[in-house]
Structure formats: structure tokens, C-alpha cells
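Let me begin by presenting the structure, written as C-alpha cells, before commenting on it.
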2 protein chains.
Amino acid sequence: MNRVLLVEDDLGLAGNILDYFELEDMVCDHAANGIAATHFQQANQYDVIVLDINLPRMDGLSVCEHIRNEGDDTPVIMLTARDQLEDKLAGFNKGADDYLVKPFAMAELVARVGALANRRSSNVNQLRFANLTLTIKPQVAEVEGRPIKLSPITYELLKCLVRAQGNSVPREKLVEAAWGEDAPESNALKVHMHHLRKALTQAKASAHILSRPGAGFYLTTETTDG
Amino acid sequence: MNRVLLVEDDLGLAGNILDYFELEDMVCDHAANGIAATHFQQANQYDVIVLDINLPRMDGLSVCEHIRNEGDDTPVIMLTARDQLEDKLAGFNKGADDYLVKPFAMAELVARVGALANRRSSNVNQLRFANLTLTIKPQVAEVEGRPIKLSPITYELLKCLVRAQGNSVPREKLVEAAWGEDAPESNALKVHMHHLRKALTQAKASAHILSRPGAGFYLTTETTDG
DNA sequence: TTATGTTCTTAACCCTGCCTTAACCCCCGC
DNA sequence: GCGGGGGTTAAGGCAGGGTTAAGAACATAA
């Protein structure tokens with residue numbers, strides 16, 4: 001869910017935008033002039049500010065400049081009918097992050113707001129299996145939110161296994177994933193596999209690693225003890 | 001100085017852009033097809049990727065999707081002649097941060113690249129993290145209003161870390177921030193890092209610096225006591 | 001000019017954690 | 001009993017990061 005501040009004096013347009021944002025699960029405050037905008041910005045923290053340039057009491061460029069001088073670096077999208085190059089450059093110059101010319105499609109505004117908002121909430125690619133979660137960047141593994149300490153190589157192995165989602169992965173593939181071309185020529189894989197298993201049980205992961213003799217390893221949630 | 005990857009198969013246009021970027025003090029690599037782009041992206045770290053959609057071998061949307069799956073969240077600007085709404089939405093959907101329709105003014109491209117790189121935070125005069133505050137002009141660092149004595153280099157390092165807001169900053173980026181092109185060839189960074197840490201704890205800052213082995217340093221407020 | 005202090009660089013050293021290696025163990029089929 | 005596929009454990013080496021101290025470079029003030 002994103003928190004947005006909309007600064008727009010055209011109440012009709014503002015209403016449209018507010019309705020549209022609501023459908024997209026965004027929480028939105030609305031200011032109809034520049035002074036009000038600075039008050040909102042000082043009182044709250046937003047993910048994005050959508051800022052019209054032609055405003056009563058204090059124009060959008062000044063608002064943007066003002067909040068930047070305050071030390072606030074919330075992403076700002078300028079919204080205006082002026083499409084001349086120098087207008088746009090002026091906007092970026094005052095510290096805007098994007099500049100959208102009216103008229104625009106609502107879907108595009110939403111897409112741009114999303115792009116600016118998501119950049120800071122570092123939502124990156126995640127892999128899942130059972131109750132474990134791998135984050136690619138930064139390289140972190142978690143089980144139910146609690147981080148597991150993994151070395152680079154064991155992390156690589158686990159990533160490979162999780163990608164296979166329970167299908168068995170041949171030894172060569174694991175070796176390739178962990179070392180690339182030049183693999184060590186001893187039982188290093190066995191050792192790292194052992195470390196990985198220990199780490200998983202220690203972290204109380206509901207997944208564990210089994211081996212299909214002669215064919216490789218796979219993840220499972222079955223308990224299979226007995 | 002910003003590092004940019006330009007992916008564009010029209011060599012004439014690419015040349016123009018490269019010339020223009022050079023004037024703006026940007027260091028630019030150029031890939032003429034999608035596969036080459038992914039190789040560049042894996043081998044280097046960029047501040048922004050400028051990505052044409054119509055490319056030989058692998059189209060821009062796929063390139064963008066691919067680098068996002070790699071866990072790389074470098075800002076991407078899509079560059080294309082297609083101006084239909086659904087084209088734009090497709091771009092944002094694949095993880096693009098901006099979408100610019102050809103033909104465009106060079107100055108606008110540069111402005112947008114700057115906005116995505118680090119222009120936003122360089123427009124700001126105050127940076128904050130936990131209870132510490134950096135003022136850019138004049139160069140002052142404070143914790144809860146009390147100034148911390150920092151040398152120019154340690155100040156630069158801290159600024160870089162605070163800008164990242166807890167995300168990890170690779171060593172090269174810190175070196176670049178502190179020294180620019182000609183870095184000293186010893187363990188100077190380690191030493192300055194040490195001074196910085198000492199200064200922070202001495203000033204009772206609630207933030208401290210941790211290292212992610214092999215990947216760089218980051219700020220945190222965690223107490224990490226056992 | 002000398003004296004003083006700050007900052008930056010270099011080098012040596014320590015410490016920790018990771019990776020590899022090499023044993024050894026267990027189980028099973030022959 | 002023996003051999004092979006796995007599993008387990010411990011020892012050693014190496015690299016990355018952290019620490020400390022000494023000297024060079026630089027600026028400022030007397």
C-alpha cells in the first residue's frame with residue numbers, strides 16, 4: 001500500500017485521480033494549493049508526491065524546491081499542461097523525479113507513481129519453498145522471517161534447490177551453480193550439503209534435503225521419518 | 001560522475017546520445033543488442049540503464065525482465081517510438097522506472113537520467129539517518145544537534161552511506177565518492193572506515209556501520225548484541 | 001621561516017570465517 | 001568381507017575485514 005500526496009487545484013481532476021488511486025489501493029491526501037501542500041508534507045511521510053505546477057498561493061516549482069531544502073527527498077512527479085522543453089527542465093532542476101504532461105492516461109500516472117514508490121521499498125525478487133524465503137539481493141535466506149546464516153556457497157546451493165521446487169537437481173548442476181566452471185576435486189559438495197542441512201534443521205525449516213542415489217538432491221516437506 | 005549503460009541498435013542515434021552524455025560528464029557503455037546488454041549488466045555496475053525496446057537478439061522488455069530477475073534494481077529508462085498506453089504499461093510492468101517516447105530532446109533524456117541516478121538526493125541539503133543529520137552546505141555532521149568532527153574524506157564516506165539509507169554500498173562506490181578517479185592503492189578505505197566508526201560511537205550515534213562480506217558496507221540502527 | 005596540528009597514506013599485524021581436503025563412518029548389495 | 005554411494009567430522013590454509021602506529025603532506029599561526 002502506497003501513501004500519496006496529491007497537490008492539484010482543479011477539483012474535478014483531483015477527484016478523478018483520487019477515485020482512481022483508491023481503486024489501486026493507494027492512500028491519498030489532497031492539497032489544493034501550495035502552502036497547504038508544504039503543511040501536509042511536513043506533517044506526514046509519503047511514498048510519492050504528485051504535484052501540479054499551476055497552483056494558487058505558491059506554485060509547484062517553489063513547493064518542490066522548498067521540500068528539497070527541508071531535507072525531504074520524497075519522489076515528486078510534476079503534473080502540468082506545459083509541455084515545452086524548458087518547462088520540463090525547470091521541473092527536474094527543482095528536484096522533481098518525473099514530469100507528466102496533461103492530458104494523460106490515469107493508468108500511466110498510476111504506473112509512474114508505482115515505479116517511483118517501489119524504488120525505495122526495495123521489493124526485489126524472492127524465491128519460496130515451504131516456510132523458507134530466499135531474497136536475491138541482498139543475499140539473504142529466511143524461515144518465517146528469521147534470517148538463516150548461510151555462506152555464499154551454501155546460499156547458492158539452496159537457491160538452486162529452491163528454484164527446482166522439489167524436483168531433483170543433479171550433482172553437476174549444483175556444482176555448476178556454486179563454483180561455475182572450475183569446481184574443486186574432492187567431496188566439497190558433500191560437505192557444503194551437510195552444512196546446508198544443518199543450517200536448515202537448526203532454523204527449523206519445514207523443508208529438508210533428500211538425495212536420490214545416483215541422480216542428485218531435492219527439497220521436500222515430507223517428514224518421512226519412521 | 002554517473003555511469004550509464006546505453007542499449008540502442010540504431011548506431012546513429014547511439015552516437016548522438018554518447019556524444020551528448022560525454023559533455024554531461026557521464027561515463028557510458030554501449031550495447032547494440034539485448035544479449036550484449038545482459039553481459040554488460042552482469043559485468044558492471046551502472047547508475048542508470050537506457051534501454052531501447054526494439055533490439056536484435058533479445059528485445060528490451062525481456063532484457064529488463066531478465067535483469068530484474070537477477071536481483072539487479074538499477075534504474076531503467078525505456079526508450080522507444082511506440083507511444084501507445086499499453087506499450088508504456090508493459091514497460092513499467094517489466095520493472096522499468098521511466099518511459100521516454102522517440103523522438104525526444106537530448107536535454108530531457110539527460111534530465112531524466114539525472115533524476116533517476118542520484119540527482120534527487122543531491123538536490124537535498126540535509127540528509128538523515130537515525131539520529132544523525134548531514135548538512136551538505138556547509139559540510140557538517142550532527143547527532144541530535146551536536147556536531148561531530150569529521151575529516152573531509154570520512155564526511156564523504158558517511159554521506160554516501162546515508163544516501164543509501166541502509167542499503168549496502170559497494171567498496172568501489174565509496175572509493176569513487178571519496179577520491180574520484182585516482183584512489184590510493186592501499187587499505188586507505190579500511191582505515192577511514194575505522195575512523196568513521198570510531199567517530200560515530202564516540203558521538204553516541206544510534207546508527208553504526210556493518211559490512212556485508214564481499215559486497216560492501218551499510219548503515220543500520222540494530223544493536224546486534226547477543 | 002619555524003612550529004604546531006590535522007589529515008591522509010602506507011604498512012604491518014591480528015582475527016575471524018569460509019573453503020578445501022582428507023580422513024573416517026554407515027548402510028547396502030554382492 | 002568388500003566396494004561404493006552417501007554422510008560426518010576435524011584440521012589447515014587463505015582471504016577479507018579490522019586495528020594500530022608511523023611517517024608524509026598540508027595548512028595554519030607565530
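- What separates CE of A:Met193 from C1' of D:dG5 is a distance of 15 Å, to the nearest Å.
- Under 4.0 angstrom from either OP1 or OP2 of D:dG18 there lies no side-chain N or O belonging to B:His194.
- For D:dG7, the OP1/OP2 oxygens have a side-chain nitrogen or oxygen of A:Ser211 closer than 4.0 Å.
- A salt bridge is defined here as a Lys NZ or Arg NE, NH1 or NH2 lying under 4.0 Å from an Asp or Glu carboxylate O, and B:Lys159 with B:Glu156 meets this definition.
- Residue A:Arg171 has a polar side-chain atom (N or O) positioned under 4.0 Å from OP1 or OP2 of D:dG6.
- Here the side chains of B:Tyr46 and B:Val4 are not in contact, with every heavy-atom distance at 4.5 Å or above.
- Axis deviation across the helix from C:dT1-D:dA30 to C:dC30-D:dG1 amounts to 10°, comparing end segments of five pairs, rounded to 10 degrees.
- In terms of position on DNA chain D, the residue among A:His195 and A:Pro213 whose nearest nucleotide sits closer to the 5' end is A:Pro213.
- Of the residues in residues 173-192 of chain A, those placing a heavy atom less than 4.0 Å from an atom of DNA chain D are A:Asn187, A:Lys190, A:Val191, in numerical order.
- In this structure, A:Ser151 does not reach the C:dG17 phosphate: none of its side-chain N or O atoms is under 4.0 Å from OP1 or OP2.
- With rounding to whole Å, A:Leu210 atom CG is found 13 Å from D:dG6 atom P.
- To the nearest angstrom, P of D:dG6 lies 17 Å from CG of A:Leu196.
- Taking only side-chain nitrogens and oxygens, B:Lys149 never comes nearer than 4.0 Å to OP1 or OP2 of C:dG5.
- D:dG18 atom P lies 13 Å from atom CZ of B:Arg212, rounded to whole Å.
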